[in-house]
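Structure first, commentary second.
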Amino acid sequence: MTHISEYPGKLDLDNCAREPIHIIGKTQAHGVLVSVDPENFIITQVGENATQFFGEAFDSFLGKDLTYLLGEEQMTGVVELLNSEEISVPREVWINNIKFLMLAHNSGLNLILDFEPLQEVDSSYHFQRQLTRVLNKFKASKSVDQLCNAATILTKEMFGYDRVMIYRFDEEWNGEVIAEIKEEDMGSWLGLHYPATDIPAQSRELFLKHQVRVISNVHYTPVPITPEISPLNEEPLDISRSGLRAVSPIHIEYLKNMEVGASLSAAIIVKGKLWGLIACHHKAAKYLDFYQRESCRFLAQMFSTELTLQENTALISRAKLSENIRRQLVVQMKEENDVVTALSEGNVKFTQIISCGGGAIFIKDQWKLIGNTPETKQLESLLNFIKKQPKNLFWTSKLSTLFPEANAYKEVASGVLCLKIADYKYIFWFRPEQIQEVNWGGNPQAKAFYNEKEDRLSPRKSFEKWSEKLTGISEAWQENDRDVARALRENISYTLLAQQQKEIEALNTQLMEANEELKLFSYGLSHDLRAPVRGMEGILAILDEDHRKELSEDGQALLQMSRDLNEKMNDLIDNILEYSQLNHADGLKVETVNTSELIGEVLKFVNVEGSYPKTTVKILPELPSMEGDRGMLFQLWSNLLNNAIKYSSEEENPFVEIGTEQLKGREVFYVKDNGIGVPKKMKKKIFETFQRGVGSRFKGTGIGLAIVKRIIEKHHGEVWLKSEEGKGSIFYFYIEI
Ligand code: ADP
């Protein structure tokens, strides 16, 4: 709980923004604040100036019913009003022969009633005319400048303040007077800047919330509310929403220092953010009643709306312009293979899309510079600094304050907008230094000092014009600039991606071509070899049959070796041809094949009974039929069966079994043998061409399983094996066409 007695407490010099202005337990003097219990309308707290306005000692009202103050007659409508949802509707009431406007609002458990003496009310016709004039004047304004001038003229006309200004905030909440109308005898403040600390964050928040704030007499004596603490919730009364709320002593002193007697401020809000203020000063005291404040609120709102429109229109035309340039860049990127060339050497350059003095692209360790930029070495170091920033978009209009090294090239790059497209891909835009002579309303460095006597902060005393040369600053980057950069990133990323895809496709085609060539080569080679090898076979056969006896024993052995080698060569060529033809064959001639029949043919071809009389081959009954190319399926079975029979032939009771099994959620074929088995490390390798696991103990070329694998792949199937060295093997496969 905060006690009012804590205020004004000793404040931190660096943080005068901590001032608890919403619970300053005092009011201004031009009206009376009364707080009641909404349950029964018993008066719980009252401003001490009630004595002067209501004609009776203020404390005599405490604990009394509101009827005591308003009388039975006025009370009837008021009770209904206060019980209704429309509590904010003002009500005119008479007290002590004075006409007041009663304004009600809830504050926690309290119902606060502001009683403001009512001045002559302008006729509603007059009001209407005023508002129509505001609308027309604003609509006729063609630029933000014209609009601001119209607003100052209208405000002065309507409310009669000595000085009316439009005060605009910059990104850091410093303010600048951008339009002004004033009495002739007053000095002009047009173009003066004020530091952000002059209107601290919490005051700006209140402006955003309440929009219009009137200080009717800077020289007033704040009126205490009695009792200080609300008996309803045991807390200080929150009067932040009351128009009578007293003013922070710091602000009063600030206004006094500026020789202001009364002020009016109305918030200009654009897209939910405080854009600026219509700030009015009067030399003497000046009070605006509720109706006038409402007119002012209306004017400020119309102004805000019109301003939003104007800013949007300007934004749209700027956006259209950069959109056109962006489109053109996209076209260039499509036409030109290289993104950097497309962005920097076409008719339109990336530096045109955002207003800047120069730009740089960094892609694949290469820099491309356009216009006025730092040197490559300096850019390298800047890039290292930017890489450490957390976001993909980095911007500043005061580079050297963040990165002191940049002071060396502030003339060309006080402002930087850097877009990260991907790792090692960045685009920069640079803005040159714009030396500005800023005229401050007082020295901005002399913000506030600690006031020993009053035990609180005091605002600076001097409001003399104070000029400062600002260096190392560029024109600020706008939201629109950043949006444009982000949109461009999309385009560039897309182009880079498309390019990469193209490169991959080109590589792929090359690879395929190379593969094709290789296949043709091996096919051609084996084809060409076939004739001489067959020829040699014939010659060796004749030699063997007709001249064997003429040869010595050694010669006969050599002849036999030559015939064996020749046979092996023959097999090899046949196998290679088979394999290359497989790669060669375009389409499969798919048909339904009776598997048992096919296996029967294969076994006949292998001549098991003749060549391997010891081997038992068992074919499980009812094998499912197969869908595929009959010729290829024959090769498939014959290779698997050949191997099974061959590699089990040295066993005592060679045994081969063919059947199916449910595996991997489907019915798969298997060929099982009790032969030599496959060592673990060979299990994958044996499906590659020329990979043999057995040396010369068994005849073979090392191509059979490669053919099996290729055929199965062509039939969208899979082949694998289960085997242990010395304990036989099972080859599983399925096809799925
Ligand atoms: P090849 O049988 O002509 O050597 P394959 O490509 O048909 O060529 O087989 C490759 C290798 O796989 C063989 O050398 C052998 O080591 C191994 N292999 C194939 N089938 C079996 C099997 N049923 N039992 C044991 N090893 C086998």
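In this chain, residues are counted from 1 in sequence order. Atoms within each ligand, like the ligands themselves, are counted from 1 in listed order.
Geometric assessment of Arg482 against the ring of Trp477 yields a negative cation-pi assignment under the 6.0 Å and 45° thresholds.
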Dump all N/O pairs between ligand 1 and the protein below 3.5 Å as a table: atom names plus distance, one pair per row.
| unit_1 | atom_1 | unit_2 | atom_2 | d |
| --- | --- | --- | --- | --- |
| ligand 1 | 2 (O) | Asn643 | OD1 | 3.3 |
| ligand 1 | 2 (O) | Lys646 | NZ | 3.2 |
| ligand 1 | 2 (O) | Tyr647 | OH | 2.8 |
| ligand 1 | 3 (O) | Thr701 | N | 2.8 |
| ligand 1 | 3 (O) | Gly702 | N | 3.0 |
| ligand 1 | 4 (O) | Tyr647 | OH | 3.2 |
| ligand 1 | 4 (O) | Arg692 | NE | 2.4 |
| ligand 1 | 4 (O) | Arg692 | NH2 | 3.1 |
| ligand 1 | 6 (O) | Gly704 | N | 3.2 |
| ligand 1 | 6 (O) | Leu705 | N | 2.8 |
| ligand 1 | 7 (O) | Asn643 | OD1 | 3.4 |
| ligand 1 | 7 (O) | Asn643 | ND2 | 2.8 |
| ligand 1 | 7 (O) | Leu705 | N | 3.3 |
| ligand 1 | 8 (O) | Gly702 | N | 3.3 |
| ligand 1 | 14 (O) | Tyr647 | OH | 3.3 |
| ligand 1 | 14 (O) | Gly693 | N | 3.1 |
| ligand 1 | 16 (O) | Gly693 | N | 2.9 |
| ligand 1 | 20 (N) | Asn643 | ND2 | 3.4 |
| ligand 1 | 23 (N) | Asp673 | OD2 | 2.9 |
| ligand 1 | 24 (N) | Ser729 | OG | 3.4 |

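Remark: the Thr592 side chain and the Glu627 side chain contain an N/O donor-acceptor pair separated by less than 3.5 Å.
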Could you go through the ring pair (Phe, Tyr, Trp, His ring centres under 6.0 Å) check for Phe731 and Phe733 one step at a time? CA-CA 7 Å; Phe731 283 79; Phe733 77 93; 9.8 Å; no
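Every residue was checked against the ring-ring contact (aromatic ring centres under 6.0 Å, His included) condition with Tyr424, not counting sequence neighbours, and none meets it.
Between Lys664 atom NZ and Tyr732 atom OH the span is 11.0 Å, to the nearest 0.5 Å.
With ring centers used as reference points, Trp367 lies under 6.0 Å from Phe428.
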